[in-house]
Amino acid sequence: MSPLLPYLEANRLEAGCDEVGRGCLAGPVVAAAVILPADYSNPWINDSKKLSKSNREELIEEIKDKSLAWAIAEASVEEIDQINILNASFLAMKRAVLQLSVQPEHLLIDGNRWRSDLKLPYTCVIKGDGKFASIAAASILAKVYRDKLMEGLAEEFPHFAWERNAGYPTQAHREGIEKFGPTIWHRRSFQLLKNQLDLGI
């Protein structure tokens with residue numbers, strides 16, 4: 001594997017930002033922000049979706065140890081339902097940036113748009129987690145954190161297979177909703193079932 005790009009512009013503190021869980025039916029949306037040293041390179045760091053669970057978990061301590069700063073933040077199910085999932089994703093990323101122990105000079109945002117009241121210049125990068133190491137590192141931190149969160153919630157709510165699907169709309173998840181109804185962790189603004197209008201959910 002060839003290493004991803006270390007930066008967009010040299011001699012600038014860039015924070016890579018990414019979120020996970022946007023398409024889920026349950027649980028918060030989670031974002032991370034990571035500032036890597038300009039000379040850092042690790043060929044294994046890549047888009048979290050392209051890595052195995054064990055690979056992601058092995059990289060976590062490496063990222064936390066080698067980065068200049070890192071942070072993970074959430075936007076809650078209630079916030080998702082109040083302001084919609086896109087705005088909640090922006091909010092989670094903003095919170096992650098604000099929690100960084102080092103102030104970045106520029107943000108590299110995964111995706112095609114970004115909106116916040118942060119007074120920081122930024123660049124949106126479509127599929128950025130497969131192009132820039134800092135965005136990929138953020139995607140790994142966010143995914144491992146969120147997967148573990150959903151695994152923990154699955155112990156309390158065992159009928160939805162969250163330990164396997166992390167809240168995404170799999171058949172097992174939808175069958176659980178149909179049989180047992182939604183939980184406090186389900187996003188009521190999402191279409192939880194194909195026929196939910198008939199069920200009055």
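No hydrogens, no waters, no symmetry mates; every other heavy atom, side chains included, goes into these values. Along the sequence shown, residues carry numbers from 1.
- In this structure, T170 and E175 have side chains that are not in contact, with every pair of non-hydrogen atoms separated by 4.5 Å or more.
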Practice problem: Would you check, one step at a time, whether the test ring pair (Phe, Tyr, Trp, His ring centres under 6.0 Å) holds for H186 with H173? | Solution: CA-CA 11 Å; H186 279 99; H173 189 176; 5.1 Å; yes
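- Minimum interatomic distance between A88 and I80 (heavy atoms only, all atoms of both residues): CB-CG1, 3.6 Å.
- Ring orientation note: the planes of F157 and W162 are tilted relative to one another, at an angle of 30° to 60°.
- Atom SG of C17 is separated from atom CZ of F90 by 12.0 Å, given to the nearest 0.5 angstrom.
- E9 has a carboxylate O that lies under 4.0 Å from a charged side-chain N of R12, or vice versa, which qualifies the two as a salt bridge.
- By the side-chain hydrogen bond (donor to acceptor under 3.5 Å, both in side chains) test, S41 pairs with no residue at all, sequence neighbours left out.
- In this structure a side-chain-to-backbone donor-acceptor pair under 3.5 Å is present from N165 to A161.
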Practice problem: For side chain to side chain contact (heavy atoms under 4.5 Å, CB included), just list the numbers for F132 and L8, CA-CA rounded to whole Å, side-chain angles, deciding distance to a tenth of an Å, and then say yes or no. | Solution: CA-CA 8 Å; F132 288 95; L8 179 62; 3.9 Å; yes
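- Cluster annotation: V29 is connected to M150 through the hydrophobic network of ILVMFWY side chains, with a link wherever side-chain heavy atoms come within less than 4.5 Å.
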Self-check item: Residues T183, E156; criterion side chain to side chain contact (heavy atoms under 4.5 Å, CB included); working and verdict
Solution: CA-CA 11 Å; T183 69; E156 188 178 353; over 6 Å; no
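- A salt bridge does not link K143 to D18: none of the charged side-chain nitrogens sits closer than 4.0 Å to a carboxylate oxygen.
- Summarising the geometry, atom CG belonging to L68 is positioned 10.5 Å from atom CG belonging to L100; distances are rounded to the nearest 0.5 Å.
- The stretch residues 89-98 participates, sequence neighbours left out, in these salt bridge (charged side-chain N to carboxylate O under 4.0 Å, His left out) pairs: E79-R95, K94-D117.
- R146 and A26 get closest at one heavy-atom pair: NH2-O, 2.7 Å.
- The CG atom of L59 sits 6.0 Å away from the CG atom of N42 when rounded to the nearest 0.5 Å.
- With hydrophobic clusters built from ILVMFWY side chains whose heavy atoms lie under 4.5 angstrom apart, I184 shares a cluster with L192.
- Counting heavy atoms from C-beta outward, L149 and E74 have side chains that approach closer than 4.5 Å.
- Note on K127 versus D47: no salt bridge recorded, every NZ/NE/NH1/NH2 to OD/OE distance being 4.0 Å or above.
- No side-chain donor from either of E14 and Y122 sits under 3.5 Å from a side-chain acceptor of the other.
- Between the CG atom of L107 and the CG atom of L120 there is a distance of 5.0 Å, given to the nearest 0.5 Å.
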Quiz prompt | Intermediate values then yes/no, side chain to side chain contact (heavy atoms under 4.5 Å, CB included), D147 and Y145 | solution = CA-CA 6 Å; D147 284 356; Y145 174 95; over 6 Å; no
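- L91 and V20 fall into different hydrophobic clusters, defined by Ile, Leu, Val, Met, Phe, Trp and Tyr side-chain heavy atoms under 4.5 Å apart, directly or through other members.
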Self-check item: side-chain hydrogen bond (donor to acceptor under 3.5 Å, both in side chains) between E78 and Q82, intermediate numbers included
Solution: CA-CA 6 Å; E78 292 78 15; Q82 286 168 7; over 6 Å; no
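- Minimum interatomic distance between C24 and F190 (heavy atoms only, all atoms of both residues): O-CE2, 3.1 Å.
- By the neighbour-count criterion of 12 heavy atoms within 6.0 Å, atom OH of Y40 is densely surrounded, having more than that number from other residues, nucleotides or ligands.
- Under a hydrophobic-cluster definition in which Ile, Leu, Val, Met, Phe, Trp and Tyr are linked whenever side-chain heavy atoms come within less than 4.5 Å, directly or via other members, L108 and L4 are assigned to different clusters.
- Partners of H106 under the ring-ring contact (aromatic ring centres under 6.0 Å, His included) rule, at least two apart in sequence or in another chain, do not exist in this structure.
- Of all the heavy atoms in S67 and V34, the pair that sits closest is CB-CG1, 3.9 Å.
- A salt bridge between E58 and K53 is absent, with no side-chain N of the basic residue lying under 4.0 Å from a carboxylate O of the acidic one.
- Side chain of D81 to main chain of R188: a donor-acceptor pair is present (N/O by atom type, distance under 3.5 Å, no hydrogens or angles).
- Looking only at distances, no side-chain donor or acceptor of R187 sits under 3.5 Å from a matching main-chain atom of V77.
- Looking at heavy atoms from C-beta onward, R174 lies in side-chain contact with L193 at the 4.5 angstrom threshold.
- Between the CD1 atom in I72 and the CG atom in L141 there is a gap of 5.0 Å [rounded to 0.5 Å].
- Hydrophobic cluster membership is shared by W70 and L36, with clusters built from Ile, Leu, Val, Met, Phe, Trp and Tyr side chains linked at under 4.5 angstrom.
- Proximity of a side-chain donor or acceptor of D129 to a complementary backbone N or O of S139 within less than 3.5 Å is not detected.
- Between F160 and G181, the shortest heavy-atom contact is CZ-O, 3.6 Å.
- When every heavy atom of V97 is checked against every heavy atom of P104, the shortest pair comes out as CG1-CG, 4.3 Å.
- The CD1 atom of I45 sits 11.5 Å away from the CG atom of N55 when rounded to the nearest 0.5 Å.
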